[in-house]
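See structure below.
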Amino acid sequence: GGWRVGTAGGGGGIETTASAVWSKSGGNGTGKDEGAEAHLGSFQGQRSVLILDADTLRIVSTVMSQRDVLRLGVALVMRIEDADGGTVSAGGPAPPVSSSVSRLYSTLTAVYFIRPTKSNIRRLRQELKSPRFGSYRIYSSHVIRDLRLQDLAEADVRERVEVVGEIYGDYVGLDGWHFISGGEY
């Protein structure tokens, strides 16, 4: 068990200047880093659910088409605010789902690409305590503070998290000269 730190270089996909990836095996998880598409493509062929927040949804939709996302094996795209039925923000557990949906979810890999805000980390921590998906790959658009990373590691009691990484893409490129930067972390 345990999470160890590895690093990888940047470039391609979502424009990155650097990337750090944590994986159970150490190293960089994918062997190389070519931005978001390389991270998403590393599980191509597996069925997955892509879970985004409002800001990362904007980032992904700017750099990838829906066809590109589907080509990478993503069967469903959800917003983190909707993934738990809104109950985590109210402090409660996720709503129950039917046994057939539960079985389907357990075969999927959940790929989170979120801003590392308190509310997103709280939602993710709650999800990891009662995991619905077979495995998890967690990427943030900015540095995850050590304390928040420790919270996630402690919540992963069933050891379903395969990779935790940072893809420095907390901005949206408008053109070759202009961009919009993210918010507080």
Side-chain angles (χ1 to χ4, degrees), residues 1-4 6 13 21-31 36-57 59-61 64 66-141 144 148-167:
W3 295 4
R4 293 186 285 186
V21 177
W22 286 267
S23 76
K24 287 184 178 177
S25 62
N28 66 14
T30 61
E37 190 163 347
H39 291 292
L40 289 172
S42 69
F43 59 89
Q44 193 168 9
Q46 295 179 10
R47 294 185 334 174
S48 58
V49 175
L50 180 59
I51 301 173
L52 307 163
D53 62 30
D55 293 316
T56 57
L57 176 62
I59 292 167
V60 170
S61 65
M64 297 180 82
Q66 185 175 4
R67 181 179 296 193
D68 292 335
V69 172
L70 290 170
R71 182 177 46 84
L72 293 172
V74 174
L76 177 65
V77 177
M78 301 171 74
R79 291 214 13 212
I80 191 168
E81 298 88 355
D82 302 330
D84 65 11
T87 58
V88 171
S89 60
V97 294
S98 71
S99 62
S100 61
V101 171
S102 181
R103 280 193 304 273
L104 174 63
Y105 278 179
S106 70
T107 67
L108 300 174
T109 298
V111 179
Y112 279 75
F113 180 41
I114 57 175
R115 290 177 50 227
T117 62
K118 286 181 185 179
S119 62
N120 284 345
I121 297 296
R122 182 175 50 248
R123 283 185 159 101
L124 183 53
R125 187 176 56 231
Q126 187 66 35
E127 171 66 30
L128 293 175
K129 286 181 181 178
S130 301
R132 293 177 288 167
F133 301 101
S135 61
Y136 293 81
R137 292 174 169 259
I138 303 165
Y139 299 97
S140 72
S141 63
I144 302 174
R148 291 183 182 169
L149 187 61
Q150 183 64 33
D151 286 346
L152 291 177
E154 289 172 2
D156 185 25
V157 294
R158 297 190 186 164
E159 296 191 359
R160 301 243 179 124
V161 175
E162 295 176 348
V163 175
V164 175
E166 296 162 349
I167 302 173

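Numbers here are sequence positions counted from 1.
Between the CD1 atom of I80 and the CZ atom of R115 there is a distance of 11.5 Å, given to the nearest 0.5 Å. Distance CZ/F113 to OG/S140: 8.0 Å, rounded to 0.5 Å. A distance of 10.5 Å separates CG of L152 from NZ of K129, quoted to the nearest 0.5 Å. S48 contributes atom OG, which lies 7.0 Å from atom CG of L50 (distance to the nearest 0.5 angstrom). Between the CG atom of D68 and the CD atom of Q66 there is a distance of 10.0 Å, given to the nearest 0.5 Å. Taking CG of D151 as the reference point, atom NZ of K118 lies at 11.5 Å (rounded to 0.5 Å).
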Practice prompt. Show your reasoning for whether side-chain contact (heavy atoms from CB on, under 4.5 Å) applies to Y139 and I114.
Written response: CA-CA 7 Å; Y139 299 97; I114 57 175; over 6 Å; no
Discussion item. Is there a side-chain contact (heavy atoms from CB on, under 4.5 Å) between L124 and I138? Walk through the geometry before answering.
Written reply: CA-CA 9 Å; L124 183 53; I138 303 165; 3.6 Å; yes
Item to complete: Using the side-chain contact (heavy atoms from CB on, under 4.5 Å) rule, take L128 and Y136 through it: C-alpha gap first, then chi angles, then the decisive distance, then the call.
Response: CA-CA 9 Å; L128 293 175; Y136 293 81; 3.9 Å; yes
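T109 and R137 form no side-chain donor-acceptor contact under 3.5 Å, judged by distance and modelled atom types alone.
Side-chain contact check for V49 versus V111: every heavy-atom pair is 4.5 Å or farther apart. The shortest distance between side-chain heavy atoms of M78 and L76 falls below 4.5 Å. Contact of the Q150 side chain with the E154 side chain is registered, since non-hydrogen atoms from C-beta on lie closer than 4.5 Å. Side chains of I51 and F133 form a contact here, defined as non-hydrogen atoms less than 4.5 Å apart.
Taking both residues in full, the closest heavy atoms of G134 and R160 are given as O-CD, 3.1 Å, listed atom of the first, atom of the second, then distance. In this structure, T56 and D53 approach most closely via the heavy-atom pair N-OD1, 2.7 Å. The shortest heavy-atom contact between L57 and L52 is CD1-CD1, 3.6 Å. Taking both residues in full, the closest heavy atoms of R79 and A54 are given as NH2-CB, 3.5 Å, listed atom of the first, atom of the second, then distance.
Listed for the E166 side chain is no donor-acceptor partner under 3.5 Å among the backbone atoms of S141. Side-chain atoms of R148 come within 3.5 Å of backbone atoms of P116 as a donor-acceptor pair (strictly under, hydrogens ignored).
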